[in-house]
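Since the model is a prediction, treat every value here as computed from it, not as a measurement. Just so it is clear: chains get the letters A, B, ... in the order the sequence lines come, proteins before strands, and each one is counted from 1.
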Number of protein chains: 2
Amino acid sequence: MSPDRLSRTFAALADPTRRAILTRLRSGARTVNELAAPHAMSLPAISKHLKVLEHCGLITRGRASRWRPCRLKAAPLKEAVDWMEQYRRHWEDRLDRLEEYLQQLQHPPQAPSHERKK
Amino acid sequence: MSPDRLSRTFAALADPTRRAILTRLRSGARTVNELAAPHAMSLPAISKHLKVLEHCGLITRGRASRWRPCRLKAAPLKEAVDWMEQYRRHWEDRLDRLEEYLQQLQHPPQAPSHERKK
DNA sequence: ACATTATTAAACCACATGGTTAAATAAAAG
DNA sequence: CTTTTATTTAACCATGTGGTTTAATAATGT
């Protein structure tokens with residue numbers, strides 16, 4: 001039961017090594033060795049990270065003779081940002097206080113919802 | 001060695017149950033029981049999810065008599081979106097093709113960068 | 001005092017994750 | 001053909017994650 005793509009994307013982004021790889025790919029396609037170089041870990045470890053990124057669609061891999069150049073595909077990031085954008089109003093300070101005030105009107109701390117009538 | 005907050009935030013968002021909880025909290029504070037109700041899992045499971053969300057700052061918990069109302073705090077989402085925004089130009093179609101063309105000029109598939117013999 | 005309600009803690013389990021080393025594969029170079 | 005280079009696979013290991021059930025805690029209601 002593999003999770004949905006949004007979940008896979010967020011999971012992929014949760015690792016600093018993988019984020020570093022994506023950042024590196026912003027300036028163009030790179031081979032596995034090139035991507036591995038800056039990191040203090042084995043090549044198989046990097047290979048696994050790349051597989052994770054590929055599996056959620058954040059990179060694609062071509063074949064150029066004996067190299068497998070990785071290329072950034074940012075589409076899943078759009079999907080993720082779109083999900084988060086729903087919350088923009090919640091993190092913008094101006095509305096935050098009003099927000100909380102309205103929330104308290106709806107759900108006074110003394111008697112949280114549960115059994116209220118419609 | 002607990003990971004940085006950005007990593008924790010992405011990890012928190014990688015679970016559909018937790019995203020559903022956050023979505024629910026957009027309309028105001030809710031008690032643990034209220035949040036658990038729509039989900040087919042035990043209360044301790046929900047309690048753990050809330051702990052994850054709290055630990056990365058996506059929710060705060062107050063104390064109102066015997067209830068622990070959870071309240072959304074979207075600030076970490078801003079941090080996450082800010083990171084992703086760097087990639088906006090990569091997912092906007094118009095630039096995508098030009099992007100790839102320029103990347104190929106820089107890193108031709110036949111002989112990737114670093115140890116090319118002249 | 002006792003039972004009820006809301007929530008958390010503890011102990012446990014299956015499986016995923018992130019790393020390792022050693023070996024396999026594939027293409028290019030000598 | 002043999003060696004070298006680039007990368008992946010396999011097997012393994014420690015730790016983390018997401019769930020369970022049972023028990024503890026804490027405040028309220030009777």
Practice item. Give, ordered by number, those residues of residues 40-47 of chain B having at least one heavy-atom distance below 4.0 Å to an atom of DNA chain C; if nothing qualifies, reply none. Key: B/L43, B/P44, B/S47
**Study point:** Partners passing side chain to side chain contact (heavy atoms under 4.5 Å, CB included) against A/A11 (at least two apart in sequence or in another chain)
**Key:** B/A14
When you compare the protein's N or O atoms with those of nucleotides 1-5 of chain C, which come within less than 3.5 Å of each other, and at what distance?
| residue | atom | partner | partner atom | Å |
| --- | --- | --- | --- | --- |
| C/dT5 | O4' | B/R66 | NH1 | 3.1 |
| C/dT5 | O2 | B/R66 | NH1 | 3.2 |

Point to revise | Set of residues satisfying side chain to side chain contact (heavy atoms under 4.5 Å, CB included) with respect to A/A36, sequence neighbours excluded | key: A/L43, A/I46
Check your understanding: What residue pairs, at least two apart or across chains, pass salt bridge (charged side-chain N to carboxylate O under 4.0 Å, His left out) with a residue in residues 47-57 of chain A?
Key -> A/E54-A/R61
**Study point:** With A/S47 via side chain to side chain contact (heavy atoms under 4.5 Å, CB included) - residues at least two apart
**Key:** none
Practice item. Scan residues 48-56 of chain B against DNA chain D and write down, sorted by residue number, each residue with any heavy atom closer than 4.0 Å; if none is found, say none. Key: B/K48, B/H49
Point to revise | DNA chain C-proximal residues of residues 14-24 of chain A, any heavy atom under 4.0 Å | key: A/D15, A/R18
Review point. If you measure from the Lys or Arg side-chain nitrogens to the Asp or Glu carboxylate oxygens, is any gap between A/R89 and A/E92 under 4.0 Å?
Key: no
Revision key, fill the gap. The complete set of salt bridge (charged side-chain N to carboxylate O under 4.0 Å, His left out) pairs with one or both residues in residues 6-23 of chain B, sequence neighbours excluded, reads A/D4-B/R19
Check your understanding: Taking only residues two or more places apart in sequence or in another chain, which ones pass side chain to side chain contact (heavy atoms under 4.5 Å, CB included) with B/A37?
Key -> none
Review point. Residues two or more places apart in sequence or in another chain: which of them pass side chain to side chain donor-acceptor pair (under 3.5 Å) with A/T60?
Key: none
Tell me which donor-acceptor pairs under 3.5 Å the side chains of residues 75-83 of chain A have, and how far apart each pair is, sequence neighbours excluded?
| residue | atom | partner | partner atom | Å |
| --- | --- | --- | --- | --- |
| A/K78 | NZ | A/D82 | OD2 | 3.1 |
| A/E79 | OE1 | A/R5 | NE | 3.2 |

